[in-house]
Amino acid sequence: MNPTLHAARLGVSRGWTEFKNSVVNPQDIGFTAVTSVALVVVMYFQRDATLPGTSLSLAAVTLPSVLGMLTAFNALLGAVGSLAVEREDGTLLRAKALPQGMVGYLVGRIVSVSLTTVISVLIVLVAGLFLVPSLTRTGPGGWLTMAWVILLGLLATLPLGAIVGSLANSPQTVAGLSMLAVGGLTAISGIFYPLTALAGWLQALAHVFPLYWLGLGMRSALSPASAAAAEIGGSWHTLETIGVLGAWSVAGLLLAPPILRRMARREAGSLMQLRRDRALQRIG
Amino acid sequence: MKVMRELDEGSGLADPADSAVIEVRDLRMRYGPVEVLQGVDFTVRSGEVIALLGPNGAGKTTTIEILEGFRVRSGGDARVLGTDPAHGDERWRARLGVVLQSWRDHGRWRVRHLLDHFGRYYAPYSDEGRIRPLPTDELMAAVGLTEHADKRVARLSGGQRRRLDVAIGIVGRPDVLFLDEPTAGFDPQARRDFHDLVHRLSDLDDTTILLTTHDLDEAEKLADRILILADGKIVADGSADRLARQVSRDAQVRWSVGGEHFVHATDDATGFVRDLFAQHGEEIGDLEVRRATLEDTYMAIVRRDEG
């Protein structure tokens, strides 16, 4: 029995348990429900508006973009949030105290965050099938594209979240800041309205981050081909999408392990206590 | 336990260093300008139960964290199971049990499931004569959590939560167990159950145990040997009895004769009482011989060191 492989397998079952635990947790359900309903309401109001210059429903373009956004949101903030909380409450230290425990912990988190991401995408997608009739005409190629965009999106954002969560000195603060950063990025990444409506430098900025490419990739998968006309240069830029998301993935996967290891090495019980005392001081 | 150890030593382990499970030499730890540990020395042999006492901030937790491999020391030498904790591998890790001061993790997991999950990590590390992990049901019975097996961890009381921490610490049948204030927040019954558990681990599994506590009574009951850490150094090392003798050989004798009460301090209580009876015979009442308690000893040692 290879111990690392053994721990990785335990990590998979750990991730499944974490996922099940969050599915029955009222707080987690509430959060998913509220965001999903809010997104569906936006699409409901957009269903009769049309994409400028075409006869396509605006919702037919917004829905895929939103799915891309959900992928990034869930994967990045899921990773940042869980690391932030679990450095504080001792979960990480507990993993450190087990033989190969960090392997189990990380695999578990990757599994649970990925499952949560896929489920929240599916919830909005199913609602969208009723609101956006053109979606039901998506062919197998479209669904396949959606699958790889989600996968690549997870790879590009989940390790990034783990890095941010590891580098933070104050876990609570960084969770809030990441939320703001992703929110701000959403505003300039062509999720709710086309990127072409923005100033040139904002467009250039959006091109650097994974969020724009996730939205674009999802649109290329699920929007009618004619919607490509509304994109920059009138094309889906599939190769560029793979290139940018792939670059973020490679960078994340290269940087995350050493940074996580460094963070884990530094975690100790008294440090945890110190951070908790500081947190209590802020509240009190 | 003590008898067992003497037998061990008599049966061929001539060099006591052979059976040393924890060896600490001139251990130093510096946080910025503050030197928390200033040359700590001690040895723990296989199967011993050691209590580490000391005032708050004396460096108890730091010492334990260094030995657990959770903190890198600034200087000196440390060996746990023959390995430098700063470079311990996973096989070494599997032989340790760790119970830290405070955990608040895994609140959503159910007790049995969590113990079962953690136990599985140890499965590839069974040694000869030491099958890992402990069966989950046996473990829950040992710490008195059987009736809470299906509860979510967040719903346990403080004392139950602490017992779960201890259970997780021993799920891998450790050769060495580190316990940092294990009984904080226990009621008297839970405390007694915990003491029984420590005795069982030490007797049956020959687990070497290093624990910190603020409860001197607990240290006296559990430990074969007591180490007192003050100002970054070990200032006392020995059984509760020996420490008491180091500080003072005097015992206090109280008695009454014909309704009148007397107190006398002496270094030979037995001889004094013998004379007392020879002199007053059956008139003696309310006889009480009181040696220095561990608390007296502890206060005296810590004060002497600070003074």
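Every chain is numbered from 1 and lettered A, B, ... according to where its sequence line falls, protein lines coming before strand lines.
- Ranked by heavy-atom pairs under 4.5 Å with chain B, the first of A:Leu92, A:Thr4, A:Thr91 is A:Thr91.
- The backbone N or O of B:Leu52 sits nowhere less than 3.5 Å from a side-chain atom of B:Lys60 that would complete a donor-acceptor pair.
- Using a 4.5 Å heavy-atom cut-off against chain A, the contacting residues of residues 166-177 of chain B are B:Ile168.
- Between A:Arg109 and A:Glu18, at least one side-chain N (NZ, or NE/NH1/NH2) sits under 4.0 Å from a carboxylate O, which counts as a salt bridge.
- No donor-acceptor distance shorter than 3.5 angstrom exists from the side chain of B:Asp205 to the backbone of B:Thr207, with no hydrogens or angles considered.
- Between the side chain of A:Ser36 and the backbone N or O of A:Thr32, at least one donor-acceptor pair lies under 3.5 Å.
- Of the listed residues (A:Ala97, A:Gly104, A:Ser13), the one with the most heavy-atom contacts under 4.5 Å to chain B is A:Ala97.
- With hydrogens and angles disregarded, no donor-acceptor distance shorter than 3.5 Å links the side chain of B:Glu23 to the backbone of B:Arg79.
- A:Lys96 places none of its side-chain heavy atoms less than 4.5 Å from the side chain of B:Val98.
- Using a 4.5 Å cut-off between heavy atoms, B:Trp109 contacts chain A through both its backbone and its side chain.
- A:Asn25 touches chain B through its side chain: at least one heavy atom from C-beta onward sits under 4.5 Å away, while N, CA, C and O do not.
- With no hydrogens or angles considered, a side-chain donor-acceptor pair links B:Asp180 and B:Thr61 at under 3.5 Å.
- Between B:Asp105 and A:Arg87, none of the side-chain N atoms (NZ, or NE/NH1/NH2) sits under 4.0 Å from a carboxylate O, so this pair counts as no salt bridge.
- Salt-bridge annotation for B:Arg112 and B:Asp137: present, with a side-chain N of the basic residue lying under 4.0 Å from a carboxylate O of the acidic one.
- For B:Ser74 (side chain) and B:Arg30 (main-chain N/O), a donor-acceptor pair under 3.5 Å exists by modelled atom type.
- Between A:Asn74 and A:Thr116, the shortest heavy-atom distance links the atoms OD1-CG2, 4.3 Å.
- In this structure, chain A has no heavy atom under 4.5 Å from any part of B:Arg95.
- With a 4.5 Å cut-off on non-hydrogen atoms, A:Val24 touches chain B through its side chain but not through its backbone.
- Between B:Ile66 and B:Pro85, the shortest heavy-atom distance links the atoms O-CB, 3.3 Å.
- Within the 4.5 Å cutoff, side-chain heavy atoms of A:Met263 are placed close to those of A:Leu260.
- Of the listed residues (A:His6, A:Arg94, A:Arg265, A:Glu86), the greatest number of heavy-atom pairs within a distance under 4.5 Å of chain B belongs to A:Arg94.
- Scanning residues 118-132 of chain B against chain A with a 4.5 Å non-hydrogen threshold yields B:Phe118, B:Arg120, B:Tyr121, B:Tyr122, B:Ala123, B:Pro124, B:Tyr125, sorted by number.
- For B:Asp165, the parts lying near chain A are the backbone and the side chain together; criterion is any non-hydrogen pair under 4.5 Å.
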